[in-house]
2 protein chains.
Amino acid sequence: MGKKKRAWRSGCPLNASVEILGDRWSLLIIRDMMLRGATTFKDFLEGFERIATNVLADRLKRLEQFGVIEKRMDTRDGRKTNYKLTQKGIDLAPVLTEMVLWAAEHEDTENPELVAMMKKDRKGFEAGIREEWERGRGKATMR
Amino acid sequence: MGKKKRAWRSGCPLNASVEILGDRWSLLIIRDMMLRGATTFKDFLEGFERIATNVLADRLKRLEQFGVIEKRMDTRDGRKTNYKLTQKGIDLAPVLTEMVLWAAEHEDTENPELVAMMKKDRKGFEAGIREEWERGRGKATMR
DNA sequence: CAGGATCCGTTTCGATACTG
DNA sequence: CAGTATCGAAACGGATCCTG
């Protein structure tokens with residue numbers, strides 16, 4: 001079938017971001033990796049209010065294709081797969097921070113501790129995420 | 001606990017942002033208002049690669065309901081309606097900037113002048129947007 | 001003509017059942 | 001555990017039509 005690709009990426013660089021992140025789940029997946037250290041399919045399923053398994057599988061595949069995350073088989077347990085943020089993925093931390101701060105300013109939101117931490121020491125907060133990521137396997141629950 | 005069908009807004013404040021902005025068009029509409037001074041239905045139609053009119057109408061309605069934009073009738077020309085960013089809307093400028101910079105860093109993007117300007121003087125860039133917006137408040141058209 | 005609303009075929013989503 | 005398969009529901013895109 002003729003798959004006519006739309007010219008999403010033309011014009012402003014924002015288009016690329018929207019193409020990659022412009023849906024209901026992608027950013028939430030990335031958030032769960034950054035803040036909760038989610039790495040497995042099951043982690044994500046439990047983290048959300050029921051994302052459908054097929055949609056999750058599709059989003060993970062997409063994010064991998066875009067180079068935002070990478071997939072690795074667990075060397076010990078073949079049943080487990082580990083999803084990890086790439087450099088490109090971890091670089092989304094500032095985007096996430098801005099979105100959270102915006103929502104906190106203008107919407108009724110939960111988790112005021114997280115927001116307070118971001119506001120108080122934003123750079124430190126982002127540095128912490130990056131550090132955690134560099135340690136690789138860290139499963140710290142920052143939430 | 002009474003679990004709603006989709007508790008989008010529970011948990012991290014990011015959920016609210018994703019609910020409001022997590023689709024293919026909303027952020028692009030906001031970008032066109034910020035960067036191009038788009039205010040009319042027609043402006044948006046021309047700005048994109050053919051967004052369907054029903055989808056555009058729906059997104060404008062949604063954004064208005066969320067308080068991100070507001071709709072006003074043109075006092076001079078009754079045929080025209082003007083869409084303007086609210087304070088809440090203009091406060092999205094940092095989110096936009098981060099997304100553009102992220103894409104510029106990791107994707108092939110166009111409009112390097114814009115990116116360069118953002119990088120060089122980010123705060124100034126955002127201040128310029130805000131200033132433009134304040135000048136446009138109350139006026140019928142911005143350009 | 002500007003700003004939509006309506007109809008309609010196509011695509012994607014969401015929920016659940018099922019499988020390696 | 002980590003996904004597919006399936007199917008009805010919702011959203012999308014395009015064209016057209018309507019209204020002031």
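Values in this document were obtained by computation on a predicted structure and should not be read as measured data. Letters A, B, ... are given to chains in the order of the sequence lines, protein chains preceding strands, and every chain is numbered from 1.
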Could you work out, with side chain to side chain contact (heavy atoms under 4.5 Å, CB included) as the rule, every residue matching [X], not counting sequence neighbours?
X: A/Thr97; result: A/Leu101, A/Met118, A/Arg122, A/Phe125, A/Glu126
X: A/Glu70; result: A/Arg72, A/Lys84, A/Thr86
X: B/Ala116; result: none

Between [X] and [N], is there a contact of a side-chain N or O with OP1 or OP2 at under 4.0 Å?
X: A/Trp25; N: C/dT12; result: no
X: A/Arg50; N: C/dT16; result: yes
X: A/Arg59; N: C/dC13; result: yes

Nearest-Å distance, [atom1] ([X]) to [atom2] ([N])?
X: A/Glu19; N: C/dT12; atom1: CD; atom2: P; answer: 13 Å
X: A/Leu56; N: D/dA2; atom1: CG; atom2: P; answer: 10 Å
X: B/Arg24; N: D/dA11; atom1: CZ; atom2: P; answer: 14 Å
X: A/Leu45; N: C/dG14; atom1: CG; atom2: C1'; answer: 13 Å
X: B/Ile51; N: D/dA11; atom1: CD1; atom2: P; answer: 15 Å
X: B/Asp77; N: D/dG20; atom1: CG; atom2: P; answer: 16 Å
X: A/Arg62; N: D/dG3; atom1: CZ; atom2: C1'; answer: 19 Å
X: A/Glu46; N: D/dG3; atom1: CD; atom2: P; answer: 15 Å

| Any residue meeting salt bridge (charged side-chain N to carboxylate O under 4.0 Å, His left out) with A/Lys71, in chain and number order, not counting sequence neighbours |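 For A/Lys71, no residue satisfies salt bridge (charged side-chain N to carboxylate O under 4.0 Å, His left out) once neighbours in sequence are set aside.
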| field | Pairing residues for B/Asp77 by the salt bridge (charged side-chain N to carboxylate O under 4.0 Å, His left out) criterion, not counting sequence neighbours | value |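 B/Asp77 satisfies salt bridge (charged side-chain N to carboxylate O under 4.0 Å, His left out) with B/Arg79 only.
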Any protein N or O atoms within reach of nucleotides 2-9 of chain C? Criterion: under 3.5 Å, listing atom names and distances.
from: C/dA2; atom 1: OP1; to: B/Lys42; atom 2: NZ; distance (Å): 3.4
from: C/dG3; atom 1: OP1; to: B/Thr81; atom 2: N; distance (Å): 3.2
from: C/dG3; atom 1: OP1; to: B/Thr81; atom 2: O; distance (Å): 3.4
from: C/dG3; atom 1: OP1; to: B/Thr81; atom 2: OG1; distance (Å): 3.3
from: C/dG3; atom 1: OP2; to: B/Phe41; atom 2: N; distance (Å): 3.3
from: C/dG3; atom 1: OP2; to: B/Lys42; atom 2: N; distance (Å): 2.9
from: C/dG4; atom 1: OP1; to: B/Lys71; atom 2: NZ; distance (Å): 3.0
from: C/dG4; atom 1: OP2; to: B/Tyr83; atom 2: OH; distance (Å): 2.2
from: C/dA5; atom 1: N6; to: B/Thr53; atom 2: OG1; distance (Å): 2.7

| Would you find a donor on one side and an acceptor on the other, under 3.5 Å apart, between the side chain of A/Thr109 and the backbone of A/Ala103? |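 No; judged by distance alone, with no hydrogens or angles, the pair does not exist.
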| query | Which angle, to the nearest 10 degrees, lies between the helix axes at the two ends of the helix from C/dC1-D/dG20 to C/dG20-D/dC1, each defined by five pairs? | reply |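 Axis angle across the helix from C/dC1-D/dG20 to C/dG20-D/dC1, nearest 10°: 30°.
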| request: Name all residues meeting the side-chain hydrogen bond (donor to acceptor under 3.5 Å, both in side chains) criterion together with A/Glu131; count only those two or more places apart in sequence or in a different chain, and write none if there are none. | output: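 side-chain hydrogen bond (donor to acceptor under 3.5 Å, both in side chains) check on A/Glu131 returns nothing, list empty.
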Side-chain atoms of residues 56-69 of chain B: list all donor-acceptor pairs with protein atoms under 3.5 Å, sequence neighbours left out, distances to 0.1 Å.
from: B/Arg59; atom 1: NH1; to: B/Asp23; atom 2: OD2; distance (Å): 3.3
from: B/Arg62; atom 1: NH2; to: B/Glu19; atom 2: O; distance (Å): 2.6

| request: Look at the aromatic rings of A/His106 and A/Trp102 and report parallel, tilted or perpendicular, splitting at 30° and 60°. | output: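 The arrangement is tilted - the two ring planes meet at 30° to 60°.
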